[in-house]
Each structure stands twice: as structure tokens, then as C-alpha cells.
Amino acid sequence: MSTQPAAPRRAVVERRTSESSVTVEIDLDGTGSNDIETSVPFYDHMLTALSKHSLIDMRIRAEGDTHVDVHHTVEDTAIVLGEALRRALGDKAGIRRFGEATVPLDEALANAVVDISGRPYAVHTGEPEGQQYHLIGGHFTGSMVQHVFESLAHHAGICLHITLLAGRDPHHIAEAQFKALARALRQAVEPDPRVQGVPSTKGAL
């Protein structure tokens, strides 16, 4: 008999600092339903895409010192979302563990590979020089894309490789990467009916 992930695979995580206030609620076995308000409009757009295409239900509320910079609010939201993913995954019994997706958005093309390994690592390559300096939507600096992926991977305990294969428009470049991550996550966290226990030769992830 297959060992399926324990249900419900949900988590609620809150984080309060002098720089931000963040609450994240997720359900790994959802439909991609989402309710996201971070006070950074373009980030809301990216997280909405992440939820929709991963089929992970997300409710996110974040506010912070965006009068200084959006950096703290964006980073702290990624930290809390990563922690929520880690908690919702539990002992990781019965999951597929690995996921991979290549997603186009017009001229942009991004690849993401995920390993729910318990060992945080992030590799992010391929963005054109200058992408990091663009203010997308007037608020979100292009460099934050990599920082979000790093923060998410570290706190979720996952190994993440994201490669931009093509792209010109800063908005498309960012969005293709978030959608590729979403599809890879969808695969990695899914129950696999053939998996007995934890998918690791060590017996733990």
C-alpha cells in the first residue's frame, strides 16, 4: 500500500519585525485559489501567478516600510512563504519530490527545477545584464526576483535551479520565472501513489 502525504497539508505562519508584518496561509492540495495583498502591486501579480499555476492555495497579507524601499516587505514575505511550505510538507512522505518545468511568456522562456531535499540551495542564472536595475511596475526592482527565490529556497528547505533561457521585456522575464517555479513546485509536492514513505535512500528529507 502506498503511503500518502498526511492531510491536510496546510500551514499558517506569521512574522512580525520592526520592518514588516507578514501572514501566510497555504494549502498544498488546493486549486490555486488566492487572496494576496503585499502592498507591492507587481509582487502581488507574481505571487498570484505562483499560486494559480502551482495549485497551492495562498492567502498572504504583508505590509512594511515600503516608504523606505520594498526590499524588506518582499524579502520577508518570501521568508514566511518558504517557512509555510516547509511546515505544510511535514515529513514529505509520499511526495514526488522532484519537479521541472519550462514556461514561455511571449519572447521570454524560463526553466525551473525543484528538489524537495531538505537542503536549501538556489542557483539563478541567465538574466540579461541590466535586468536587476529595472523598476518593474514602478516599485519592484528586478534584482528582487533572485532574492525572492533565494529566500524562499532557504526557508522552505528546497534545492532550486532557475534559468532564464530567453527574454527581453523585464516584466515577461520575471513572470516567466515565477510561472516556471510554480509548475515545478506543483510536480514536486504532488502525492505519488507509487511512493512508499519518504522518497529518499536516507529515509528522511
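All values reported here derive from a predicted model rather than from experimental measurement.
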### Query
In Å and rounded to the nearest 0.5 Å, what is the CG to CZ distance from Asp192 to Arg96?
4.5 Å
### Query
Which is it for Leu181 and Leu50 under the side chain to side chain contact (heavy atoms under 4.5 Å, CB included) test, yes or no, and what are the steps along the way?
CA-CA 7 Å; Leu181 171 59; Leu50 182 65; 3.9 Å; yes
### Task
Apply salt bridge (Lys or Arg N to Asp or Glu O under 4.0 Å) to Arg183 and list each qualifying residue two or more places apart in sequence or on a separate chain.
none
#### Entry: Interatomic distance, Ile162 atom CD1 to Thr125 atom OG1 [nearest 0.5 angstrom]
9.5 Å
Donor-acceptor contacts, no H, no angles, side chain residues 101-113, under 3.5 Å, sequence neighbours left out:
unit_1 : atom_1 : unit_2 : atom_2 : d
Thr102 : OG1    : Glu100 : OE2    : 3.3
Thr102 : OG1    : Asn111 : ND2    : 2.8
Glu107 : OE1    : His172 : ND1    : 2.8
Glu107 : OE2    : Arg168 : N      : 3.0
Glu107 : OE2    : Asp169 : N      : 2.8
Asn111 : ND2    : Glu100 : OE2    : 2.5
Asn111 : ND2    : Ala101 : O      : 3.4

## Note on the structure
Closest non-hydrogen atoms of Ala84 and Val24, given as atom of the first, atom of the second and distance, are CB-CG1, 4.0 Å
### Summary
Correct closest heavy-atom pair for Ser151 and Ala78 would be CB-CB, 3.8 Å
### Task
Nearest 0.5 Å please: distance from the CZ atom of Arg16 over to the OG1 atom of Thr23.
4.0 Å
#### Entry: Qualifying ring pair (Phe, Tyr, Trp, His ring centres under 6.0 Å) pairs, either residue in residues 115-142, two or more places apart
Phe42-Phe140, Tyr43-Phe140, His124-Phe149
#### Entry: Any side-chain heavy-atom pair of Ile95 and Pro191 under 4.5 Å
no
### Message
Distance check, rounded to the nearest 0.5 Å: Ile116 atom CD1 versus Gln187 atom CD?
### Response
11.0 Å
#### Entry: Interatomic spacing from CD1 in Ile60 to CG in Asp35 - rounded to 0.5 Å
9.5 Å
### Task
May I ask you to decide if Val70's main-chain N or O and Thr73's side chain share a donor-acceptor pair within less than 3.5 Å?
no
### Task
Mark yes or no for whether Lys92, through its side chain, and Val198, through its backbone, hold a donor-acceptor pair below 3.5 Å.
no
### Task
Would you please test His171 and Glu175 for side chain to side chain donor-acceptor pair (under 3.5 Å) and show each step?
CA-CA 6 Å; His171 185 138; Glu175 187 169 346; 3.0 Å; yes
### Message
Quiz question: by atom type and distance under 3.5 Å, do the side chains of Ser39 and Arg61 form a donor-acceptor pair?
### Response
no
### Query
Would you say the side chain of Glu127 lies within less than 4.5 Å of the side chain of Ile173, judging by non-hydrogen atoms?
yes
### Message
When you compare the side chain of Thr38 with that of Val74, does any pair of heavy atoms fall below 4.5 Å?
### Response
no
### Task
Verify the cluster assignment for Leu164 and Ile136: are they in a single hydrophobic cluster under the rule of side-chain heavy atoms below 4.5 Å apart?
no
### Those residues that, when tested against Arg119, pass salt bridge (Lys or Arg N to Asp or Glu O under 4.0 Å) (two or more places apart)
none
### Task
Taking salt bridge (Lys or Arg N to Asp or Glu O under 4.0 Å) as the test, write out the residues that go with Glu25, two or more places apart.
Arg59
### Message
Tell me whether Arg86 contacts the main-chain N or O of Leu81 through its side chain, where contact means a donor paired with an acceptor under 3.5 Å.
### Response
no
### Task
Kindly compute the distance separating CD1 (Ile79) from OG (Ser20), expressed to the nearest 0.5 Å.
8.0 Å
### Task
Determine whether Glu14 and Val22 make a side-chain contact, defined as any pair of heavy atoms from C-beta on separated by less than 4.5 Å.
no
### Atom of Val145, atom of Ala174 and distance for their closest heavy-atom approach
CG2-CB, 3.8 Å
#### Entry: side chain to side chain contact (heavy atoms under 4.5 Å, CB included) between Asp57 and Thr31, worked out
CA-CA 6 Å; Asp57 290 350; Thr31 61; 3.8 Å; yes
#### Entry: Over all atoms of both residues, closest heavy-atom pair of Gly94 and Val195
CA-CG1, 3.8 Å
### Message
Do Lys179 and Lys52 have side chains that approach each other closer than 4.5 Å (heavy atoms only, starting at C-beta)?
### Response
no
### Task
Decide whether Val13 and Ile36 are clustered together by the hydrophobic rule: side chain heavy atoms of Ile, Leu, Val, Met, Phe, Trp, Tyr closer than 4.5 Å, transitively.
yes
### Query
Where is the tightest heavy-atom contact between Val114 and Ile158, given as atom of each residue plus distance?
CG1-CD1, 4.4 Å
### Task
Please name the pair of heavy atoms, one in Pro128 and one in Gly167, separated by the smallest distance, quoted to 0.1 Å.
CG-O, 4.4 Å
### Stepwise side chain to side chain contact (heavy atoms under 4.5 Å, CB included) test for Gln132 and Gln146
CA-CA 9 Å; Gln132 69 269 37; Gln146 177 170 326; over 6 Å; no
### Message
Which residues pass the salt bridge (Lys or Arg N to Asp or Glu O under 4.0 Å) test with Arg15, not counting sequence neighbours?
### Response
Asp76
### Message
Is there a path of hydrophobic side-chain contacts, each under 4.5 Å between heavy atoms of I/L/V/M/F/W/Y residues, joining Leu55 to Leu28?
### Response
no
### Query
Taking Asp27 for the side chain and Asp29 for the main chain, is one N or O donor matched with an acceptor at less than 3.5 Å?
yes
### Task
Answer yes or no: is there a donor N or O on one side and an acceptor on the other, between the side chain of Arg97 and the main chain of Pro199, under 3.5 Å?
yes
### Message
Could you check whether any side-chain N or O of Asn34 sits under 3.5 Å from a backbone N or O of Gly32, counting only pairs where one atom can act as donor and the other as acceptor?
### Response
yes
### Task
Quick one: do Thr141 and His71 satisfy side chain to side chain contact (heavy atoms under 4.5 Å, CB included)? Show the steps, please.
CA-CA 8 Å; Thr141 308; His71 186 107; over 6 Å; no
